[in-house]
Amino acid sequence: MEQNLQTNEEIEMQLWEYIDGSCPINDMQRISILIERNTLWKQKYDELSALHTSFSTNVELEQPSMRFTANVMDAVAATHVAPATKKYINKSIIRGIAAVFFVMLTAIFGYALFSVHPTTGTTSMLPKLDTSKFNLSHVINSETIMIIVAINIVIGLVFLDSILRRKKEQQAVKP
Amino acid sequence: MELDDTAVIQMVLQGQQAAYATLVTRYQQYVFTLVMRYVNNREQAEELAQDVFVKAYRYLADFKGNSKFSTWLYTIVNSTCLSHLRKRKDETILLEEEKMVSISDSNQAERPSDKMEQRTQKQMLENALKHLPESEAQALTLFYQGEQSVEEIGVIMGMTTSNVKVKLFRARQKMKDILQSRFSRELNL
């Protein structure tokens, strides 16, 4: 019974894609053959087509009041078109701020690194840390590092996937 | 000859404010219908729709022409309605689940033979649409009345294409179920 329901849902999903014309050409051909030869597919196709036509033709747009355009134009009269965001957000300012932070961090790190005594490894700037108190070898071992690396790889792939998906969608939207 | 959206936008950006009325007239029904999918109250919907057009006017210079003007405008509809609903969340929003429960309840309560025979197909579809969760009704309206592609709906609603496909599928299935259980005789489904 459950399997039957699932099959019905799968058939309907494919048929909707066929009706919308959003499935690949191979699938279009396969589905049109199934509609021709299979009674269940034919019956479902007729049912969904009727619904599709009904949605396209029978749902009317709502009509706002007669004064709607006039009201909007009255409201608009009191406002001005704002300048495009890209005009007032100057990228060079953002880059400048980033550069200042980068230079500051590099300078601090560089100073700390060069002030380390070459033989003792101590520095007057960095706080002294008694490393003997912290024994993290039982926590940070090769297994933990592998897990962290794996998590990072997964996060990286998810991020890459979202970027590629967004690019693909933006290309599809362009008229 | 009717000017296309891009030409009208250029005129408005060059200072011809009155040209904006063309865009308002052209899209007012679409915008108002979409808003009505979120707030089922004509007065509120009209205020929100007006708000959408004022926002669109204010940020018109930001329309880059990478997409259709309608897609950009419907994105404003979506964000305006969502922020409006968020503001009055505690007062009126019905949870989607509650809404669906009420559908199943009303399905059992009403019989096709009641008043339904007098209704037109249009009214039946409108009625069924009102029982869908806002986002699903919105997706259906954008697809059928707003003439937006699945990809464009994704941009408007901030979803991936596959999520839009799933949402549309669910919306249509629910509409089919509602129509079949309540109006099958009238619609000959």
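Quick caveat, the model's predicted, so the values are computed rather than measured. Chain letters run A, B, ... following the sequence lines, proteins first and then strands; every chain starts at 1.
Atom NZ of B:Lys55 sits about 13.0 Å away from atom OG1 of A:Thr79, to the nearest 0.5 Å. Of the inter-residue distances, the one linking B:Gln145 atom CD with A:Phe55 atom CZ reads 9.5 Å to the nearest 0.5 angstrom. Annotation: the span from B:Phe169 atom CZ to A:Asp20 atom CG amounts to 11.5 Å, rounded to 0.5 Å. Taken to the nearest 0.5 Å, the CG atom of B:Leu23 stands 11.0 Å off from the OG1 atom of A:Thr69.
Taking B:Tyr20, B:Tyr57, B:Phe53 one by one and counting their heavy-atom pairs under 4.5 Å with chain A, the maximum is reached by B:Tyr57. Interface remark: of the candidates B:Gln28, B:Glu126, B:Glu147, B:Gln28 forms the most heavy-atom pairs closer than 4.5 Å to chain A. Ranked by heavy-atom pairs under 4.5 Å with chain A, the first of B:Thr161, B:Leu168, B:Leu13 is B:Thr161.
Aromatic ring centres of B:Tyr144 and A:His52: separated by under 6.0 Å.
For B:Arg26, the CZ atom counts as densely surrounded, since its 6.0 Å shell holds more than 12 non-hydrogen atoms of other residues, nucleotides or ligands.
Taking the side chain as every heavy atom from C-beta outward, B:Phe32 and A:Gln63 never approach each other to under 4.5 Å. Contact annotation: the side chain of A:Ser22 never approaches that of B:Val150 to less than 4.5 Å [non-hydrogen atoms, C-beta and beyond]. Looking at heavy atoms from C-beta onward, A:His80 lies out of side-chain contact with B:Arg58 at the 4.5 angstrom threshold.
Note on B:Lys176 versus A:Glu47: salt bridge recorded, some NZ/NE/NH1/NH2 to OD/OE distance being below 4.0 Å.
Looking only at distances, no side-chain donor or acceptor of A:Glu62 sits under 3.5 Å from a matching main-chain atom of B:Tyr30. Remark: side-chain polar atoms of B:Glu46 are not paired, donor with acceptor, to backbone N or O of A:Phe68 under 3.5 angstrom. Checked by atom type and distance alone, the side chain of B:Gln17 pairs as donor or acceptor with a backbone atom of A:Val76 at under 3.5 Å.
Of the two parts of B:Leu34, neither the backbone nor the side chain holds a non-hydrogen atom closer than 4.5 Å to a non-hydrogen atom of chain A. Residue B:Gln148: no heavy atom, backbone or side chain, is found under 4.5 Å from chain A. If you measure heavy-atom distances from B:Phe63 to chain A, you find no contacts under 4.5 Å at all. Interface residue B:Arg172: backbone and side-chain heavy atoms are both found under 4.5 Å from chain A.
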